[in-house]
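Everything on this sheet refers to the single structure shown next.
Computed from a predicted structure; not experimentally measured.
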Amino acid sequence: MPVFQRILKSMGLTSDPSQQAASNPEPDPPIPASLFQAISRLRASFGHSADLVIREWEDAAAPSRRVAVAYIEGIVDPKLLSKLVEAITEQLPSVSGGPAAMETRIQGKLPVGKVKLVHTEGHLRADLLTGNAVILTDGFPAALAASVPGGEKRGVEEPTSQTVIRGPKEGFTEDLTVNVSLLRRKLRTSDLRIERRTIGRYTQTPVVMAYIEGLADTAVLDEMRKRLDAIDTDSVLESGYIEELIQDKTWTPFPTMMNTERPDSTAGSLLEGQVALLVDGTPFVLLAPVTFFKFFQSSEDYYQRYDLSSFLRVIRLFAFFVAMLLPSLYIAVSTFHQEMMPSTLLVSLAAQREGTPLPALIEALLMEITFEVIREAGVRMPRAIGPAISIVGALVLGQAAVQAGLVSGAMVIVVSFTAIANFVIPAFNMAASVRLIRFGLMFLAGTLGLFGILAGAVPILTHVVNVRSFGVPYFTPLAPIWMNNWKDLVVRVPWPLMKTRPAVIGKQNRQRQGPKTNS
């Protein structure tokens with residue numbers, strides 16, 4: 001076996017056939033006809049957990065027959081559960097056909113939710129863990145699972161990661177049902193398709209794939225289904241798990257899927273032919289396929305006038321290049337190419353750096369790493385301590401470092417403007433990618449000057465051109481060139497002129513507006 005494969009195997013980065021065989025699920029046994037046996041096995045399967053509640057009583061019409069209701073405390077609605085028990089108590093004496101007959105009777109008694117028959121112990125446990133109550137009857141090898149979900153939930157609030165001045169103030173929550181309903185309220189069409197899956201052996205996390213029939217590309221849908229069905233993991237606690245498991249390239253700094261907390265942004269993406277993945281337990285929804293320039297667009301771009309939106313997009317792209325290149329350009333010019341600076345500026349910088357003992361590269365790395373530490377501390381600290389961290393970072397580590405002669409004032413300005421420019425990028429995952437690339441370019445600029453920056457920029461550009469997101473070229477519409485998509489690229493044309501959808505993603509149905517629209 002090659003050395004590299006041995007190293008990967010020792011790190012657990014290759015698949016082991018013996019482990020795959022061990023992960024195959026065991027046969028799902030049927031529910032025993034004996035109520036006592038069924039309850040005993042159910043309690044044992046949950047390890048006699050305290051939150052598994054089982055209520056058992058005798059049927060008034062047939063004293064020899066016993067009935068039990070089981071549920072997990074805290075994830076069911078007590079009011080719906082009470083109505084369910086009431087319906088069972090009323091209907092049971094007149095039902096003689098077992099759970100199948102009871103299913104029909106109880107179905108009409110519950111105000112919400114569904115009732116279904118369950119035949120195996122695995123499905124019985126799965127229904128309990130998803131907020132259902134199960135009804136077991138002595139003498140019948142089946143159970144009824146009634147949907148009575150509940151529990152404490154967070155209300156719909158304004159998204160914290162994607163705020164807008166003009167636009168809806170509602171954001172997704174951790175509840176999948178609420179998120180789907182928010183999407184339904186935006187897209188009142190029967191063409192909105194919702195496909196459910198359950199991923200994660202331990203977490204059993206519900207995942208929803210949403211798209212609009214006739215707009216989403218069938219090839220992308222098939223690929224998405226194939227990648228989701230191929231996931232075999234023990235847990236999914238956030239949509240980031242899904243993103244890394246189904247993305248096109250693992251070893252790339254650029255994100256190939258978008259995430260958003262906004263229902264309006266998700267609805268707009270679906271209307272352009274994209275596919276959304278909603279994961280229970282997180283407000284962040286994944287969108288694919290996606291192109292590089294989508295990360296610089298905000299949902300607010302379509303709510304404001306086209307001229308202002310276009311100006312802001314230019315500012316964001318400018319901020320992208322500043323965040324990625326400014327520190328490395330400063331290092332290269334101040335270290336290797338002083339002749340490129342005006343004499344006055346050169347004298348000013350030389351005067352500032354006169355007492356600085358560190359080279360420009362080390363100076364920049366020191367400031368950048370300090371800023372990253374302050375930023376991480378600001379995120380992890382409680383909100384009440386956040387302003388104190390800002391004061392310490394700005395005054396103590398900034399002004400004091402300059403007065404002590406450790407760094408120059410110009411370097412503080414460069415790092416500060418770079419940090420502010422990084423926050424201008426609307427997508428957090430793209431902004432994080434820029435932060436990583438910036439450090440690499442700083443090393444190259446500190447060793448080779450502008451030639452080093454060029455040596456780093458060319459492979460990055462080549463890599464971006466070759467990246468794909470679910471088969472869609474990442475750098476489209478510039479590579480390959482799609483002139484029809486340029487009207488919503490850097491400059492957004494007025495709405496009356498946006499009569500067609502993007503040619504690559506929305507090719508299933510290009511027409512967005514009719515010919516009668518004013519233009």
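Between the CZ atom of Phe295 and the CZ atom of Arg316 there is a distance of 14.0 Å, given to the nearest 0.5 Å. Here the CG atom belonging to Leu361 is positioned 4.5 Å from the CG atom belonging to Leu365, to the nearest 0.5 angstrom. Interatomic distance, Arg262 CZ to Thr163 OG1, rounded to the nearest 0.5 Å: 8.0 Å. In this structure, CD on Gln304 lies 7.5 Å from CZ on Arg166, to the nearest 0.5 angstrom. Here the CG atom belonging to Leu270 is positioned 7.0 Å from the CG atom belonging to Leu287, to the nearest 0.5 angstrom.
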Step-by-step side chain to side chain contact (heavy atoms under 4.5 Å, CB included) determination, Met257 to Ile242: CA-CA 10 Å; Met257 297 185 75; Ile242 303 287; over 6 Å; no
Residues Asp232, Arg201; criterion side chain to side chain contact (heavy atoms under 4.5 Å, CB included); working and verdict: CA-CA 8 Å; Asp232 182 17; Arg201 289 192 293 273; 2.5 Å; yes
Glu170 vs Lys186, salt bridge (Lys or Arg N to Asp or Glu O under 4.0 Å): CA-CA, chis, key distance, verdict: CA-CA 12 Å; Glu170 60 185 7; Lys186 299 286 181 189; 3.3 Å; yes
Arg193 and Glu213: CA distance, side-chain angles, deciding distance, salt bridge (Lys or Arg N to Asp or Glu O under 4.0 Å) verdict: CA-CA 7 Å; Arg193 299 287 187 266; Glu213 184 73 30; 3.7 Å; yes
Candidate pair Lys294 and Glu272, rule salt bridge (Lys or Arg N to Asp or Glu O under 4.0 Å), full reasoning: CA-CA 12 Å; Lys294 289 289 287 183; Glu272 288 194 346; 3.1 Å; yes
Stepwise side chain to side chain contact (heavy atoms under 4.5 Å, CB included) test for Val491 and Tyr306: CA-CA 8 Å; Val491 174; Tyr306 65 93; over 6 Å; no
Test log, rule side chain to side chain contact (heavy atoms under 4.5 Å, CB included), inputs Leu221 and Val275: CA-CA 8 Å; Leu221 290 172; Val275 182; 3.6 Å; yes
Steps toward ring-ring contact (aromatic ring centres under 6.0 Å, His included) verdict (Phe320, Phe296): CA-CA 9 Å; Phe320 167 76; Phe296 300 93; 5.1 Å; yes
Check against salt bridge (Lys or Arg N to Asp or Glu O under 4.0 Å), Asp307 and Arg492: CA-CA 8 Å; Asp307 46 2; Arg492 180 180 79 76; over 6 Å; no
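Cation-pi contact between Arg313 and Tyr302: present, with separation from the ring centre below 6.0 Å and deviation from the ring axis of at most 45°. Taking the centre and axis of the six-membered ring of Phe470, the NZ or CZ atom of Arg227 falls inside the cone set by 45° and 6.0 Å.
Looking only at side-chain heavy atoms (C-beta outward), Leu277 and Val208 stay at 4.5 Å or farther from each other. Taking 4.5 Å as the limit, some side-chain heavy atom of Leu478 sits within range of a side-chain heavy atom of Leu489. Between Pro263 and Pro168, every side-chain heavy-atom pair lies at or beyond the 4.5 Å cut-off. Thr233 places none of its side-chain heavy atoms less than 4.5 Å from the side chain of Tyr241. Here the side chains of Ile374 and Thr370 are in contact, with some heavy-atom distance below 4.5 Å. At a threshold of 4.5 Å between non-hydrogen side-chain atoms, the residues Val279 and Val236 count as touching. In this structure, Glu368 and Pro327 have side chains that are in contact, with non-hydrogen atoms separated by less than 4.5 Å.
Environment of CZ in Phe336: crowded, with over 12 heavy atoms of neighbouring residues, nucleotides or ligands closer than 6.0 Å. By the 6.0 Å contact criterion, CZ on Arg185 is open, its count of non-hydrogen atoms from other residues, nucleotides or ligands being 12 or less. Within a 6.0 Å sphere centred on NZ of Lys249, heavy atoms belonging to other residues, nucleotides or ligands number 12 at most. In this structure, His463 places its NE2 atom where more than 12 heavy-atom neighbours from other residues, nucleotides or ligands lie under 6.0 Å away. The environment of Tyr303 atom OH is dense: over 12 non-hydrogen atoms of other residues, nucleotides or ligands sit within 6.0 angstrom. Within a 6.0 Å radius of CZ in Arg197, more than 12 heavy atoms belonging to other residues, nucleotides or ligands are found.
The side-chain contact (heavy atoms from CB on, under 4.5 Å) check on Arg154 picks up Glu157, Thr173, Glu174, Pro283, with sequence neighbours excluded.
Closest of all the heavy-atom pairs between Gly240 and Glu238 is N-OE1, 2.6 Å. In terms of heavy atoms, Lys499 sits closest to Lys487 at N-NZ, 4.2 Å.
Judged by distance alone, with hydrogens and angles left aside, the side-chain atoms of Ser265 form no donor-acceptor pair with the main-chain N or O of Glu261 at under 3.5 Å. Thr335 contributes no side-chain N or O that, together with a main-chain N or O of Ala332, makes up a donor-acceptor pair within less than 3.5 Å. Put simply, the side chain of Arg196 never gets that close to the backbone of Val207: no donor and acceptor are under 3.5 Å apart. Side-chain atoms of Thr205 do not come within 3.5 Å of backbone N or O of Asp280 as any donor-acceptor pair. Without hydrogens or angle criteria, Ser235 side chain to Thr203 main chain gives no donor-acceptor distance under 3.5 Å. No donor-acceptor pair closer than 3.5 Å links the side chain of Ser469 to the backbone N or O of Pro289. Proximity of a side-chain donor or acceptor of Gln297 to a complementary backbone N or O of Asp488 within less than 3.5 Å is detected. In terms of modelled atom types and a separation under 3.5 Å, the side chain of Trp482 and the main chain of Thr476 share no donor-acceptor contact. Side chain of Lys169 to main chain of Val164: a donor-acceptor pair is present (N/O by atom type, distance under 3.5 Å, no hydrogens or angles). Formation of a donor-acceptor pair under 3.5 Å by the Asp301 side chain with backbone atoms of Ser298 is found in this model.
Side chains of Glu195 and Tyr211: a donor on one and an acceptor on the other come within 3.5 Å. Side-chain contact check for Thr260 and Gln162: at least one donor-acceptor pair (N or O, by modelled atom type) lies under 3.5 Å. Counting only N and O atoms by type, the side chains of Thr198 and Gln204 include no donor and acceptor under 3.5 Å apart.
Applying side chain to side chain contact (heavy atoms under 4.5 Å, CB included) to Thr266 and the options Leu271, Leu286, Leu183 leaves one that passes, Leu183. For the side chain to side chain contact (heavy atoms under 4.5 Å, CB included) test with His123, the passing option among Leu117, Val118, Ile31 is Val118; the others fail.
Taking the six-membered ring where tryptophan is involved, the planes of Phe292 and Phe475 are tilted, since the angle between them lies from 30° to 60°.
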